[in-house]
Structures are given as C-alpha cells and as structure tokens.
Q: 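Pasting a structure here, questions to come.
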Amino acid sequence: MARRYWLVKSEPGAYSWGDFVEEAGTCWDGVRNNAARLNLIEMRKGDLVLFYHSVSDKAVVGISRVARESYPDPTADDPRWVAVDLVPVRPLRKPVSLARIKAEPRLAELALVRQSRLSVMPIRRAEFERILRLGETPASASGR
DNA sequence: GCCAACGTTGGC
DNA sequence: GCCAACGTTGGC
C-alpha cells in the first residue's frame, strides 16, 4: 500500500510544533469532528503528516509521521472518538503560509483552502511535495 | 472584533 | 424529518 499524506492543524497557543518537538511526539487526541475522525482512522503507520499552525500563525511548519494507528481517544468518553500517535520528522526550512498556499494554483484544491474548519485532512502526494518545495526555497524563486 | 462556514441540538 | 437557534473554528 502506498504511503499516504495528511495535514493536521493545531493552534500554536494550545499546542505548537515546538511543544511537539520538545516531547518528541504526541498522542493526537481531542478530535471531535466526524470527518476528521474518519481521516484519523485511515492513517497508517509511516504516513507523513504536515503540521499546520492555525489562527495566530497560519502556516505549515513541519513534517511528522504516524507512529501508531488509530485507537480510542483516552480523553473521550465515547470510544468511537480516536487518536493516533505522531512523531516529528523535521521542520520546514521556511514555514509555508496560508497566503502562499492560496497563491499557488496547484494547491487550489487543498481542503485547507476549500474547507477551512476541517482539522485533519488527506492531501495528495503532489500537494505534499509542492508544499515541501515551497518550504525549502526562497520566496523569490518558489514560483517554478 | 467580526463573520462565514459548519456541526449539533432541540422544538415542532 | 425539517429547520431555527446556537456553539465552535478559524480566516480576515
């Protein structure tokens, strides 16, 4: 099975990439939206997950990896809510802002753009790679 | 601070 | 089963 790609959101004021790196990973719990829940269930060990800072930062800041597939969310009363374990892979050299993503025609279909409230979403491999590229190159040279 | 989008709840 | 009211998320 080919590796899949995802994007998860977190408010940095609540839980930031810095917190995540400091802890060397985390249980991604607290998701209480059904669409997001179904996405968590689809995650497989080894899948790569972009880490997005919502609200105050509005940028993709790092890459993480699924370390444990879905299991009942320990913070939920209802066992249908699930969590996964994520570990950091590396930060992006340069965060990729939502504005930059919206300016990129090849990223116009991203759920991040089209459905801003979804907190766990699948992304295509090409989209994942595009964002990585934007995160590695200076803004002046990133249009190609 | 405002508001649009979306989900949930509850009255009917 | 419909829909109005309300709460939450998150961009602007």
Q: Any base atoms under 4.0 Å from A:Leu118, or only sugar-phosphate, or nothing? Heavy atoms, all strands.
A: nothing
Q: Starting from A:Val87 and following side-chain heavy-atom contacts under 4.5 Å between hydrophobic residues (I, L, V, M, F, W, Y), which residues can be reached?
A: none
Q: Which pairs, with at least one residue in residues 15-25 of chain A and sequence neighbours excluded, count as a salt bridge (charged side-chain N to carboxylate O under 4.0 Å, His left out)?
A: none
Q: Tell me, please, which residues at least two apart from A:Asp77 pass salt bridge (charged side-chain N to carboxylate O under 4.0 Å, His left out).
A: none
Q: Scan residues 1-15 of chain A for pairs that pass salt bridge (charged side-chain N to carboxylate O under 4.0 Å, His left out), counting only residues two or more places apart or in two chains.
A: A:Arg4-A:Glu42
Q: Could you check whether A:Asn33 gets within reach of a base, just the sugar-phosphate, or nothing at all, counting any heavy atom under 4.0 Å?
A: sugar-phosphate
Q: Taking any heavy-atom pair under 4.0 Å as a contact, classify A:Lys58: base, sugar-phosphate, or nothing.
A: base
Q: For residues 50-71 of chain A, which residue pairs qualify under salt bridge (charged side-chain N to carboxylate O under 4.0 Å, His left out), counting only residues two or more places apart or in two chains?
A: A:Arg44-A:Glu69
Q: On DNA chain C, which is the earliest and which the latest nucleotide, 5' to 3', with an atom closer than 4.0 Å to a heavy atom of chain A?
A: C:dG7 to C:dC12
